[in-house]
Protein chains: 2
Amino acid sequence: MTISIDNFVKTIYKQSKLSEADTRISTVAGILNITNSAVTDMARKLALKNMVNYTKYKPLTLTESGNQLALKVIRKHRLWESFLYKTLNLSLHEIHREAEHLEHLTSDFLANEIDKYLGNPSTDPHGDPIPTINGEIEKDVSQILLSEVNAGYTYEISRLSSSDKEFFNFCYSNNISIGAPIWVEKQYGHQKMTEIRIENNKILLNQDFTKFIYVKLLD
Amino acid sequence: MTISIDNFVKTIYKQSKLSEADTRISTVAGILNITNSAVTDMARKLALKNMVNYTKYKPLTLTESGNQLALKVIRKHRLWESFLYKTLNLSLHEIHREAEHLEHLTSDFLANEIDKYLGNPSTDPHGDPIPTINGEIEKDVSQILLSEVNAGYTYEISRLSSSDKEFFNFCYSNNISIGAPIWVEKQYGHQKMTEIRIENNKILLNQDFTKFIYVKLLD
DNA sequence: CAGAATAGTTAAGCTTGCTAAAATATGTAA
DNA sequence: TTACATATTTTAGCAAGCTTAACTATTCTG
């Protein structure tokens, strides 16, 4: 497996979680920053290798072995993030940036040694779950995207699932961090905005934020 | 810079230290496990990029910028070895194997963070010097290859500069480790063998070992 | 110093992972 | 339901990093 293939299946994996219907050629091309034809090309090649299901003009999906590869890459990514965070004390943005590269040249052996060192953590510093060595990933159904929660309740932030520097800068400045309690004041359906109250500050978040923040209902 | 280029300049750098005259196309090809024509090809391309000095039929040498790139790669390699050794407690053979991959996808930023974490070490766990961020590398003239020392003196082992698993297995079994004192009984010039005494055991080492073990004279 | 052995070069060709441009299919709005 | 906009596919082509095979230069040996 090459770095290109790693990134290709990882992208399909993640995009499928967001929207199966929108895991289309042009969407994947946009994320990977390559042309549509390069994506069509790769999709065909990976279909031959039984990693991807490809039907002309249809959204892309992963086969079971494509799925397992994606989970392996994500596992390595999140283990690196955890490891660099713990040892070197880098920021959430920096660990992502470095892990994005290291994930591709990491042996299963090394990933497992890092996992052992960390005590087999279930999540990384962003709160994202770390797939196990067997390719299982925990789906915590109690976690909901902030863009989709009901207004009028208090929640606890459980994941900051972004990779963008500005995102984390904003979160840091506004005390949006994992474990912090927030009150959801109102959801503006049409404008796709969410009004929250955190430490007595009122903040209006758009989907650039609320699609990356997961919360749990506090009872 | 690509992984191929990293490995190419690293190989020329290391081979040049062993023997400038024998830093030839076929020698480099043998080390990289590619054909002579692939080496000629790459040498030409890197000559255009001003990394390598290439004259037909002559040994390869690095330009100043090729040298700097090689030192950067070696720095990252040795920092990774040191970091994995310290945190994960891997063996000398394992750290080499993993660093061999990681060195290529490591940002200067990350290398510097690792360096800071380790307290700017001057050598890695093999005893090999770590180039500085400015591309300087310490040459300790008091260190001599075991293949070249005079018999009849006691030395201290200062470097085990190999990457071979069997090499380290043998060293481990015979208490050959950094810091250990050894008595050099005899040098057999013709057969290229060295007879040493370590912890009252007499061992005859050939050049597969003595070309990778550096020692310092104990006074 | 000739000739053989060895090393190096050149040429042609392959795969991977892309791009650009042209052709075609799909979806949508009038 | 046509017509257009958009998405996708197809075709041609390129650079990197290789290989194999044929050819040529260098070096070693007798």
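All values below come from the heavy atoms of this structure, side chains included, with hydrogens, waters and symmetry mates left out. Sequence lines set the chain letters: A, B, ... in the order given, protein chains first and strands last, and positions in each chain run from 1.
Under 4.0 angstrom from either OP1 or OP2 of D:dG17 there lies at least one side-chain N or O belonging to B:T2. Between B:Y54 and C:dT9, a side-chain N or O to OP1/OP2 separation shorter than 4.0 Å is present. Side-chain nitrogen and oxygen atoms of B:T35 include at least one within less than 4.0 Å of the OP1 or OP2 phosphate oxygen of D:dT19.
Whole-Å rounding puts the A:L46 CG to C:dT16 P distance at 11 Å. To the nearest angstrom, C1' of D:dG17 lies 15 Å from CE of B:M1. If you measure from atom CD1 of B:I34 to atom C1' of D:dT20, you get 15 Å, rounded to the nearest angstrom. If you measure from atom CE of A:M42 to atom C1' of C:dT16, you get 8 Å, rounded to the nearest angstrom. Atom pair A:F8:CZ and C:dG17:C1' shows a separation of 12 Å (rounding to whole Å applied). Rounded to whole Å, the distance from CE on A:M51 to P on C:dT16 is 14 Å. Rounded to whole angstrom, the span from the NZ atom of B:K49 across to the P atom of D:dA15 amounts to 12 Å. In this structure, A:D41 atom CG and D:dG13 atom P are separated by 16 Å, rounded to whole Å.
Within the 4.0 angstrom heavy-atom criterion, only backbone atoms of the sugar-phosphate kind lie near A:K56; the bases stay farther away.
Nearest to the side chain of A:S26, among C:dC18, D:dA7, C:dG8, sits D:dA7. With C:dA7, D:dT9, D:dA25 as the choices, the nucleotide that has an atom nearest any side-chain atom of A:N36 turns out to be D:dT9.
Ion pairing between A:R78 and A:E81 fails under the 4.0 Å rule for side-chain N and carboxylate O. Between B:K76 and B:D108 there is a salt bridge, since at least one side-chain N of the basic residue sits less than 4.0 Å from a carboxylate O of the acidic one.
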**Request:** Decide salt bridge (Lys or Arg N to Asp or Glu O under 4.0 Å) for B:D41 and B:K45; before the verdict, give the C-alpha distance in whole Å, the side-chain angles of both, and the deciding distance to 0.1 Å.
**Result:** CA-CA 6 Å; B:D41 220 61; B:K45 281 177 189 162; 3.4 Å; yes

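Scanning atom types as modelled, one donor and one acceptor separated by under 3.5 angstrom connect the side chain of A:S37 and the base of C:dA20.
When each of B:T40 and A:A38 is assigned the nucleotide of DNA chain C with its nearest heavy atom, B:T40 is the one assigned upstream, toward the 5' end. Both B:I25 and A:I5 lie close to DNA chain C; mapped to their nearest nucleotides by heavy-atom distance, the more 5′-ward contact belongs to B:I25.
Taking the six-membered ring where the residue is Trp, A:F83 and A:W80 present tilted rings, their angle falling between 30° and 60°.
In this structure, B:K216 fails the cation-pi test against B:Y214, since its NZ or CZ atom is not both closer than 6.0 Å to the six-membered ring centre and inside 45 degrees of the ring normal.
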